[in-house]
Amino acid sequence: MDIEYAQVMHHYFNAVLKLRQNLRQRVQKQLIEHGHADITLEMTQVLYFLSISTENGEANQQEIADGLGKNKSSLTSLIDNLLKRDMLVRRINPENRRTNIISLTEKAKQFVADLYPDVYQTYDIEKIALDIEDIKALTKTLNAIMRS
């Protein structure tokens, strides 16, 4: 392997990992400031996915896992924790009794409506000279790397 390539890839992986950690810290800070220290970044991802990426705020567990890039078993604990907080409802899918339908409660819908702008706007994009098209391009690039 070329040494320059290895160095570039090392720096790339390091930057991605640091960005993830930084994002987690920023989101957690926002959640704490809004009185939700018991909610994690991963929990907000489930709530936001159901709120924004689904037509009626509900999906089966596999759809949520696929949408978030998580495995189904790790998602189970997130769903269980959100159920305990009255943020989700789990019901058997009448069309396929082997799957559950997960849906948002009114409490969760209000949580997303109240906190989404603050919690997910943790970076001042204008200060780092990125516009929405830059973010879309970066997202596309990262997804392409993950698929390779």
Side-chain angles (χ1 to χ4, degrees), residues 9-148:
M9 293 310 293
H10 170 75
H11 292 297
Y12 162 76
F13 287 127
N14 197 31
V16 168
L17 293 172
K18 283 182 178 180
L19 178 62
R20 184 177 189 277
Q21 181 180 16
N22 184 270
L23 177 62
R24 175 183 302 285
Q25 290 169 345
R26 286 171 178 253
V27 167
Q28 202 62 47
K29 180 179 179 215
Q30 287 290 329
L31 289 166
I32 290 168
E33 287 176 4
H34 286 86
H36 295 284
D38 64 329
I39 303 291
T40 66
L41 170 64
E42 289 80 7
M43 290 179 192
T44 66
Q45 289 176 299
V46 173
L47 298 175
Y48 295 147
F49 173 81
L50 287 169
S51 179
I52 294 165
S53 300
T54 64
E55 193 171 305
N56 54 359
E58 64 181 33
N60 69 45
Q61 195 166 330
Q62 189 62 58
E63 291 167 332
I64 299 168
D66 292 345
L68 297 178
K70 296 191 176 297
N71 65 45
K72 206 170 159 184
S73 61
S74 69
L75 188 62
T76 299
S77 65
L78 291 173
I79 290 170
D80 289 344
N81 282 317
L82 288 164
L83 287 165
K84 290 176 192 172
R85 290 167 175 78
D86 298 319
M87 301 282 242
L88 297 179
V89 174
R90 179 190 287 148
R91 61 185 167 78
I92 294 174
N93 184 347
E95 296 173 12
N96 180 352
R97 297 188 55 77
R98 293 176 289 152
T99 63
N100 292 311
I101 300 293
I102 309 298
S103 56
L104 296 169
T105 63
E106 287 305 315
K107 180 179 176 181
K109 290 175 185 175
Q110 192 62 52
F111 174 89
V112 171
D114 290 346
L115 294 180
Y116 186 81
D118 289 336
V119 171
Y120 266 41
Q121 289 189 16
T122 60
Y123 294 99
D124 188 348
I125 298 301
E126 292 171 2
K127 286 185 180 177
I128 55 178
L130 287 177
D131 63 21
I132 196 71
E133 295 306 316
D134 294 330
I135 294 169
K136 286 179 183 178
L138 179 57
T139 302
K140 184 177 178 181
T141 301
L142 289 171
N143 284 326
I145 291 169
M146 287 185 291
R147 284 191 298 272
S148 67

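Computed from a predicted structure; not experimentally measured. Values reported hereafter were calculated over all heavy atoms of this structure, with side chains retained and with hydrogens, waters and symmetry mates removed.
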If we ignore hydrogens and angles and just use 3.5 Å, is the side chain of Q61 paired with the main-chain N or O of L75 as donor and acceptor?
no
Less than 4.5 Å apart, any side-chain heavy atom of Q45 and any of K70?
yes
Does the side chain of E63 come within less than 4.5 Å of T54's, by heavy atoms?
no
Should L88 and V46 count as side-chain neighbours, where that means a heavy-atom distance under 4.5 Å?
yes
Testing the basics here: between F49 and I64, what is the closest heavy-atom pair and its distance to 0.1 Å?
CE2-CA, 3.7 Å
Begin from the C-alpha positions of R91 and E58 and carry the test side-chain contact (heavy atoms from CB on, under 4.5 Å) through to its verdict.
CA-CA 10 Å; R91 61 185 167 78; E58 64 181 33; 2.9 Å; yes
To the nearest 0.5 Å, tell me how far T40 OG1 sits from L31 CG.
8.0 Å
Taking the basic N atoms (NZ, or NE/NH1/NH2) and the acidic carboxylate oxygens, is any pair closer than 4.0 Å for R24 and E42?
yes
Ring pair (Phe, Tyr, Trp, His ring centres under 6.0 Å) pairs, two or more places apart, involving residues 26-46
H36-F111
Spacing of CG belonging to L138 relative to CD1 belonging to I135, to within rounding of 0.5 Å
8.0 Å
Are any of the side-chain heavy atoms of Y48 and L68 separated by less than 4.5 Å?
no
Taking the side chain as C-beta and beyond, is there a heavy-atom pair between N81 and K84 under 4.5 Å?
yes
Point-to-point distance, once rounded to the nearest 0.5 Å, from OG of S53 to CG of D66
12.5 Å
Looking only at side-chain N and O atoms, does T99 offer a donor or acceptor that is under 3.5 Å from a partner on Q62?
no
Within this structure, what is the NZ-CD distance for the pair K136 and E133, rounded to the nearest 0.5 Å?
4.5 Å
Please round to the nearest 0.5 Å and tell me the distance separating atom CG of D80 and atom CZ of R85.
11.0 Å
Heavy-atom side-chain proximity of I102 to V89 below 4.5 angstrom
no
Donor-acceptor contact present, side-chain Q28 to main-chain I39, <3.5 Å
yes
Give the C-alpha distance, both sets of side-chain angles, the deciding distance and a yes or no for side-chain contact (heavy atoms from CB on, under 4.5 Å) between N100 and N60.
CA-CA 6 Å; N100 292 311; N60 69 45; over 6 Å; no
Between A59 and L50, what is the shortest heavy-atom contact and its length?
N-CD2, 3.7 Å
Distance-only, no hydrogens or angles: does the T76 side chain make a donor-acceptor pair with backbone N or O of K72 under 3.5 Å?
yes
Quick check on K107: does its NZ atom have over 12 non-hydrogen neighbours (other residues, nucleotides or ligands) under 6.0 Å away?
yes
Quick one: pull up CG in L78 and CG in L83 and give me the separation to the nearest 0.5 Å.
11.0 Å
Heavy atoms only: give me the nearest N71-S73 pair and the separation to one decimal.
OD1-OG, 3.0 Å
Which heavy-atom pair separates V112 from S51 by the least distance, and what is that distance?
CG1-OG, 3.5 Å
Donor-acceptor under 3.5 Å (R90 side chain, I79 main chain):
no
